[in-house]
There are 2 protein chains.
Amino acid sequence: MASAVTNETTRTPVTRDRALRAAVALADAGGIESLSMRKLARELGIEAMSLYYHVKSKDEILDGMVELVVGEMVLARSDAEWKTALRERAESARTVLARHPWAISLMDARNTPASMRFHDEMIGCLVAGGFSIPLAAHALSLVDSYVHGFALQEASLPLDESGDIAAATESIMEKRDMTAFPYLTRMAVEHILQPGYAYGHEFEFGIRLILDGLETALTSVDL
Amino acid sequence: MASAVTNETTRTPVTRDRALRAAVALADAGGIESLSMRKLARELGIEAMSLYYHVKSKDEILDGMVELVVGEMVLARSDAEWKTALRERAESARTVLARHPWAISLMDARNTPASMRFHDEMIGCLVAGGFSIPLAAHALSLVDSYVHGFALQEASLPLDESGDIAAATESIMEKRDMTAFPYLTRMAVEHILQPGYAYGHEFEFGIRLILDGLETALTSVDL
DNA sequence: GAGGTGACCGTACGGTGTAAGGTCGTGCTC
DNA sequence: GAGCACGACCTTACACCGTACGGTCACCTC
């Protein structure tokens, strides 16, 4: 479905939902700082001020965008084992946040209904799995911190347009004097620049370590 | 000296460093979005455009601010045990980022000399402790993701001015219909609203779990 | 027709980063 | 002392931002 303008007669009417989706698309394409009311309006074929008919403020748009993004994440299935559920949830969150990097800082700063549901469901699953409330709080804080932090790092990787980390890493290393950083150099050469390397692999390692650690904490002592 | 006109108060001359420190102070006080060239200039007693004598662009200011913030963090002591060094580094980073919450997203997106030093030193310490390069990469990614993610969550806690999490939590719960989120409610009542609760405690749990997990990974198998 | 309403638009204000060029005291050279 | 370079700062201007306030106009119901 092409967007933009069209003929004088027809224009699919703007709705709040359509505006929010367009906003997400704009932010995906150009980063959150490139999302302005005027650009969003242009995308929808209307004028800037007309957006305020559908929405109270830009802030409300940001809230709605977070809501959409959180909605893309799978909820923890409370019928599954806690470890499976937690892993699925974490991986889903990471994938979604990689798609919408601008949402990472936003979603922590705003708790919308969807994100509260997202948390509530997870706690339920943990409690069903034998977690005490304090241990569930620890687990939630730990996993979410890791996932969001990882997404943040992943989002700001030195990628060129092709998504190739190797080329971008090399170009950075050429620009700076690397002799001052021997270990970073080693890590780049021996690890990152190796064929088949992908930063995503680090996530697998981290989330497994965390889940195993939580299992130990669960089975050993009751906190 | 310089009698005549203007103010009797002689203005200490602006330097790049003084400008950067003022910028950090402004961001600390009002968040990064409240930092503008004009406000910064006013703070320094000059006009906006005069800043461009000391600095090439606002972006360069942001870089310099990150540099200052990273400079506040303690480096990993390479003479210490890796676990101690890693813990100290993580705790220091968390403390500093709590002081400068606006820096969290910035520092991931910009790698300045100071942040590269910060990483290089840590890798050196890990390697000295017996880590392979790939395992060191895993460890670094894991710990930094956790620390930054935690800082992000901590920064957007619902605190009122007094820093009291209980009052703020209660006010949120009053505003929404909490019957839809039974587990969140339980967690609030049984955990967060308990006397003596502080979100910082969650960090202790997480970082220990991670460090213990890394130790296991180090001693068990060579990755 | 009258009136209401839903969807949209025009104008304006105070804010933003910064390009381009101007000013003015100080210190150096001759 | 005259001339001048230069460091530090300023003025103006532009394009963009969010949004307060009010206007327009097709359509529906009575």
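Letters go in sequence order (proteins before strands), and every chain restarts at 1.
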I want to check one thing: is the phosphate of [N], taken as OP1 and OP2, less than 4.0 Å away from some side-chain N or O of [X]?
X: B:Arg38; N: C:dG15; value: no
X: A:Tyr52; N: D:dT19; value: yes
X: A:Ser36; N: D:dC17; value: yes
X: B:His54; N: D:dG7; value: no
X: A:Ser50; N: C:dA7; value: no

[X] has an atom [atom1]; how far is it from atom [atom2] of [N], in whole Å?
X: A:Leu44; N: C:dC9; atom1: CG; atom2: P; value: 11 Å
X: A:Leu40; N: D:dT19; atom1: CG; atom2: P; value: 12 Å
X: B:Arg16; N: D:dC9; atom1: CZ; atom2: P; value: 15 Å
X: B:Met37; N: D:dC17; atom1: CE; atom2: C1'; value: 17 Å
X: A:Glu33; N: D:dC16; atom1: CD; atom2: P; value: 16 Å
X: A:Lys58; N: D:dC16; atom1: NZ; atom2: C1'; value: 12 Å
X: B:Leu51; N: D:dT11; atom1: CG; atom2: P; value: 14 Å
X: A:Arg18; N: C:dA7; atom1: CZ; atom2: P; value: 13 Å

With sugar-phosphate meaning primed atoms plus P, OP1 and OP2, does A:Lys56 contact a base, only sugar-phosphate, or nothing at under 4.0 Å between heavy atoms?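 It contacts nothing in the nucleic acid.
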What is the nucleic acid contact for A:Leu35, judged by heavy atoms within less than 4.0 Å: base, sugar-phosphate only, or nothing?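 Sugar-phosphate, backbone atoms only, no base.
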Would you mind telling me which of D:dG7, C:dG6, D:dC10 lies closest to the side-chain atoms of B:Met49?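 From the listed options, D:dC10 comes nearest.
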Among C:dA7, D:dC9, C:dC8, the nucleotide that comes nearest once only the side chain of A:Val14 is considered: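 From the listed options, C:dC8 comes nearest.
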Mind running side chain to side chain contact (heavy atoms under 4.5 Å, CB included) on B:Gln153 and B:Tyr199 for me, showing each step along the way? CA-CA 10 Å; B:Gln153 311 238 68; B:Tyr199 188 66; 3.8 Å; yes
When you compare the side chains of A:Tyr52 and A:Glu60, does any donor N or O come within less than 3.5 Å of an acceptor on the partner?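 Checked: A:Tyr52/A:Glu60 side chains show no N/O donor-acceptor pair below 3.5 Å.
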Does NZ or CZ of A:Arg94 lie under 6.0 Å from the centre of the six-membered ring of A:Phe150, at an angle within 45° of the ring axis?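 Verdict for A:Phe150: no cation-pi partner in A:Arg94.
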Given 3.5 Å as the limit, does a donor-acceptor pair link the side chain of A:Ser145 with the main chain of A:Ser141, or not?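 The answer is yes, because a donor-acceptor pair under 3.5 Å joins these two groups.
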Any salt bridge linking A:Glu121 with A:Arg89? Criterion: basic side-chain nitrogen under 4.0 Å from a carboxylate oxygen.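 Result for this pair is no, no salt bridge flagged.
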